[in-house]
Structure formats: structure tokens, C-alpha cells
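Here is the naming used below: chain letters follow the sequence lines, and residue numbers restart at 1 for every chain.
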2 protein chains.
Amino acid sequence: MGNLMDVIAAPRKESASCPVDFILRMLMGPWTTYILYNLKTHGPQRFGELKRRVSGVSAKMLTERLRTLEGAGLVRRDYEATIPPKVTYSLTSRGHELDDVLGRLAEVGMRWETEDAALRSLRATELKAAE
Amino acid sequence: MGNLMDVIAAPRKESASCPVDFILRMLMGPWTTYILYNLKTHGPQRFGELKRRVSGVSAKMLTERLRTLEGAGLVRRDYEATIPPKVTYSLTSRGHELDDVLGRLAEVGMRWETEDAALRSLRATELKAAE
DNA sequence: GTCATTAGGTACCAATTCGTAACTCATGGG
DNA sequence: CCCATGAGTTACGAATTGGTACCTAATGAC
């Protein structure tokens, strides 16, 4: 009975063979989650708009990330050769397939955060009580 | 109605405030998924054992990753000060909380992989037919 | 005629990352 | 006496990363 996790076992060089590693590498490019999040919540939008929303990202970085996401089929790029040019980015259906997983990941992350915060405040009160 | 994904919107410098980003950054440290996978499937094990299993990782890297995972509470480190020393690593319950999400991520990644493979072979046959 | 506009491309530069090789501890085995 | 052992640590060095500043195209507005 091969477990789904079995697929993670591929420790080769460059680790090109593990789809989990591949997806994580994709998602973890700097700014990537912010880009995906903005495309998801604000819908299709132009390069400059996106750049303004993902505050702090450089044009170079944003371009590189979008190209990568496009290459992976998560994002669509619509180019209108007007002057000045108009380029609109949007999530593909494949891009939307991550909504669920990312939502769960957010859930776990938030649970840990509140747990840790609770622990910290508990420790703080203990310390005060011990004085 | 704040969506769970809302939590992703935190584009500040260093982005310390987004739990999804935090978790992804954690998981995406190099080798991390391989380490977690091995601890999950082969159970608690010693440093050298793990290093042999995660083939290609350097001691330095493995140490650094394990320390980070320990700091995040995903991995437990049991140190026996014998000579030579014996250090055993294992997943904490928090570490196991990722099983589900990672499984789903693997599912998505594998689906994409097979879809892409099907597309490629389709294209190949089309090209042959066009000759 | 010159300036601003959009979506980048390019060159350069500093900082970070990760691998390699050498070193460590105290002990048992040859 | 010397070496191997386990779990690292340290120093060094090459490669990658990501930021900044500057360049581009063709047009309309001033």
C-alpha cells in the first residue's frame, strides 16, 4: 500500500523528482504567496497594480516570479501591445487548485501562532507569580 | 467575514507576520521535506542514520535544518551524553500535524505531473501525425 | 520639444547561502 | 601509540540571490 507521502522520497541531486518539493519550491519563491493572494482576492490585474499591492517587491523580482508562475501554469499573462503596453495577470484554474491547500496551511499556521502566544503569556504570568 | 486567506496579506519587510509564509519558509528550507518524510516513515532515528537516509545532505546543513525544525517545535532532539554521543530525532505531535496538508500537496503535485505528462505525449502524437 | 507613461530588460554590487575540509570531545580496540 | 567513533562546529570560498539604478519603446499631453 504505497502511501501518498512515499512520493516525497527522492533525495537525488537537484531533487527534480519530488512533486511536493517542486510545489513548495514554487510557492516559496520570495513574494510568491503574496502575489497569489493578491491575484486571488483582487482578481485579474495589471503589472503595475500588482506591484503596488505587493508592497516592497522590485519590478525585477515581480517579473521573474510571474514568469515562473506562468511557466508552471498557475498564472496567465495577457499582453496587449498598445502604447504604453497593457499586461494583465490572472490565476488559471490550476492556480485556484491551491486555494484549499493554502487555506489549510493558513489554518495550521494560525493555530500554532495562537498556541504559542497562549504559552508565552502563561509563562509570563508564572514568572510574575514567582517574584 | 474575514476569509482565512486574509491572513496572507502582510507584505511588510521580512514578512514576519504571515503564518502561511512562515510555515512555507520552514518547509522549504533545503532538504526539509526529505527530513520530515524520513522521520515520519522510519520513525525516531539518530543523526547519522538520518544523514545516510537523506542522501547528499551535508552534516552542516542537516544540523542547521534540525535545529530550525526543533525551534519551531516540529522535531524533538534527545541527547544522550555518552561517548560517543547519541542523539535521537523524532517528530513531535506538531510535526505530525503537517501530514495531512503535505499529503494533499503531494496529491495536487502528482495530479499536475500526470496531466502534464499526458499533454506532452498528446502533443508528441500530434506532431507525428502531422508529418 | 520634452516629459510622463507601462512593462519590463540589463548591468552591477552586496549579501546571503551552501558545500568542503579540517577540527573537536573522550573512550575503547588494535 | 594511534585511530575510529558520533555529532557536530568552524573557517573558507564559490555560487546564487535580490536590490538599485539606468535604459527602452511609441505616443499623447503640455
Task: Closest contact, heavy atoms only, B:Ala72 versus B:Met26 - done: CB-CE, 3.7 Å
Is the shortest side-chain heavy-atom distance between [X] and [Y] below 4.5 Å?
{"X": "A:Val87", "Y": "A:Arg46", "value": "no"}
{"X": "B:Trp112", "Y": "A:Ile23", "value": "yes"}
{"X": "B:Glu97", "Y": "A:Arg111", "value": "yes"}
{"X": "B:Leu27", "Y": "B:Leu36", "value": "yes"}

Value in whole Å for how far the [atom2] atom of [N] lies from [atom1] of [X]:
{"X": "A:Phe47", "N": "C:dT5", "atom1": "CZ", "atom2": "C1'", "answer": "14 Å"}
{"X": "A:Trp31", "N": "D:dT17", "atom1": "CH2", "atom2": "C1'", "answer": "14 Å"}
{"X": "B:Tyr89", "N": "D:dG6", "atom1": "OH", "atom2": "P", "answer": "15 Å"}
{"X": "A:Leu50", "N": "C:dA7", "atom1": "CG", "atom2": "P", "answer": "10 Å"}
{"X": "A:Arg52", "N": "C:dG8", "atom1": "CZ", "atom2": "P", "answer": "14 Å"}

Open item on the list: Membership question, hydrophobic clusters at under 4.5 Å side-chain separation (ILVMFWY): are A:Ile83 and A:Tyr79 in the same one?
Closed with: no
Open item on the list: With no hydrogens and no angle check, just 3.5 Å: does a side-chain donor-acceptor pair link A:Thr92 and A:Arg76?
Closed with: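 No - no donor-acceptor pair under 3.5 Å links their side chains.
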- [ ] Verify the distance criterion only: is there a donor paired with an acceptor across the side chains of A:Asp78 and A:Thr88 at less than 3.5 Å?
- [x]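 The answer is no; no qualifying pair exists.
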Task: Residues from residues 57-66 of chain A lying under 4.0 Å of DNA chain D - heavy atoms - done: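 Here the set is A:Ser58, A:Lys60, A:Met61.
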- [ ] Name every residue in residues 67-86 of chain A that has at least one heavy atom under 4.0 Å from any atom of DNA chain D, in order of residue number, or write none if there are no such residues.
- [x]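 Correct list: A:Ile83.
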Task: Residue among B:Leu105, B:Asp100, B:Leu102 satisfying side-chain contact (heavy atoms from CB on, under 4.5 Å) with A:Val101 - done: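 Only match with A:Val101 under side-chain contact (heavy atoms from CB on, under 4.5 Å): B:Leu105.
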- [ ] Starting from the first five and the last five pairs of the helix from C:dG1-D:dC30 to C:dG30-D:dC1, work out the angle between the resulting helix axes, to 10 degrees.
- [x]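 What I find for the helix from C:dG1-D:dC30 to C:dG30-D:dC1 is an axis angle of 30°.
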Open item on the list: Do the side chains of A:Arg25 and A:Asp21 get close enough for a salt bridge, i.e. N-O under 4.0 angstrom?
Closed with: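 Here A:Arg25 pairs with A:Asp21 in a salt bridge, since their nearest N and O are under 4.0 Å apart.
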Task: Backbone of B:Met28 reached by a side-chain donor or acceptor of B:Thr32 within 3.5 Å - done: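 Checking the backbone N and O of B:Met28 against the side chain of B:Thr32, no donor-acceptor pair under 3.5 Å is found.
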Task: Short side-chain N/O contact to C:dT6 OP1/OP2 from A:Arg46, under 4.0 Å - done: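 Negative; the distance criterion is not met.
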